[in-house]
Amino acid sequence: MSIQLNEEQAVTQVVHQQVQGMLTKNLALLDQVIAPNAKFFHITGQVQSKTEWLRQIRLGRMHYFSSREVLFQATVTGDQAQVIVRNELDARIYGFRNTWPLQSQVKLAKGPHGWQIIEAHASMY
């Protein structure tokens, strides 16, 4: 039995799958929920492509230990969606481990294979 999700639930599921993929280092899942040309804007200002970000995770330069969600807001307009999510993210980035209060503004688009992340901007809150 499959459960039919409305658009907001489907968007929420994709963003939660991204976090789960980060924590479990599930690169196949991340590849599925992130569009090929997606861009990631990190808190340092660095911009990475999907390929580069996944490479950094695979090499262990970006390792995510845990995440505690404190805010989640999704807005869906047609085939576009924007999510604002705040997490306390325990991660080791380039050798430095910390728990960051991280806010992500995530843009998604709905294509033939469902919702995918097309852009994410990270900042501290």
Please enumerate all residues that pass ring-ring contact (aromatic ring centres under 6.0 Å, His included) together with F41, with sequence neighbours excluded. H121
Assess whether atom CG of D31 is packed by more than 12 heavy atoms of other residues, nucleotides or ligands within 6.0 Å. yes
Report the hydrophobic cluster partners of I84, with the cluster defined as I, L, V, M, F, W, Y residues connected by side-chain heavy atoms closer than 4.5 angstrom, directly or transitively. L71
d(W53 CH2, L27 CG) to nearest 0.5 Å is 9.0 Å
Rounded distance [0.5 Å steps], CD in E88 versus CG in N98: 11.0 Å
Can you check whether A28's main-chain N or O pairs, donor with acceptor, with N26's side chain at less than 3.5 Å? yes
E119/K39 ion pair, N-O < 4.0 Å: no
When rounded to the nearest 0.5 angstrom, what distance separates CD1 in I57 from OH in Y64? 5.0 Å
Kindly say whether N6 contributes a backbone atom to a donor-acceptor pair with the side chain of Q9 at under 3.5 angstrom? yes
Would L59 end up clustered with F40 when hydrophobic side chains under 4.5 Å apart are linked, directly or stepwise? no
Verdict with reasoning, E8 to V11, per side chain to side chain contact (heavy atoms under 4.5 Å, CB included): CA-CA 5 Å; E8 188 173 313; V11 165; 5.7 Å; no
Going hydrophobic residue to hydrophobic residue with side-chain gaps under 4.5 angstrom, can you get from I43 over to V47? no
Got I117 and Q18 here, is their nearest side-chain heavy-atom distance under 4.5 Å? yes
Listed by chain and number, what are the salt bridge (charged side-chain N to carboxylate O under 4.0 Å, His left out) partners of E69, not counting sequence neighbours? none
Taking atom CE of M62 and atom CZ of R92, what is their separation to the nearest 0.5 Å? 12.0 Å
Does E52 offer a backbone N or O that forms a donor-acceptor pair with the side chain of S49 under 3.5 Å? yes
Is there a side-chain contact between Q56 and Y94 in this structure, where contact means two heavy atoms from C-beta onward sitting under 4.5 Å apart? yes
For K107, does the NZ atom have more than 12 heavy-atom neighbours from other residues, nucleotides or ligands under 6.0 Å away? no
Quick one: does D90's side chain get under 4.5 Å of R97's, heavy atoms only? yes
Given the rule in the side chain to side chain contact (heavy atoms under 4.5 Å, CB included) test, do L30 and M22 qualify, once you have shown the distances and angles that lead to the verdict? CA-CA 7 Å; L30 291 171; M22 291 163 53; 4.3 Å; yes
Kindly compute the distance separating CD1 (I118) from NZ (K50), expressed to the nearest 0.5 Å. 13.0 Å
Are P36 and Q116 close enough that some pair of their side-chain heavy atoms sits under 4.5 Å apart? yes
Between CH2 on residue W115 and CD on residue Q13, distance to nearest 0.5 Å: 13.0 Å
Short question: side chain of T44, backbone of Q46 - any donor-acceptor pair under 3.5 Å? yes
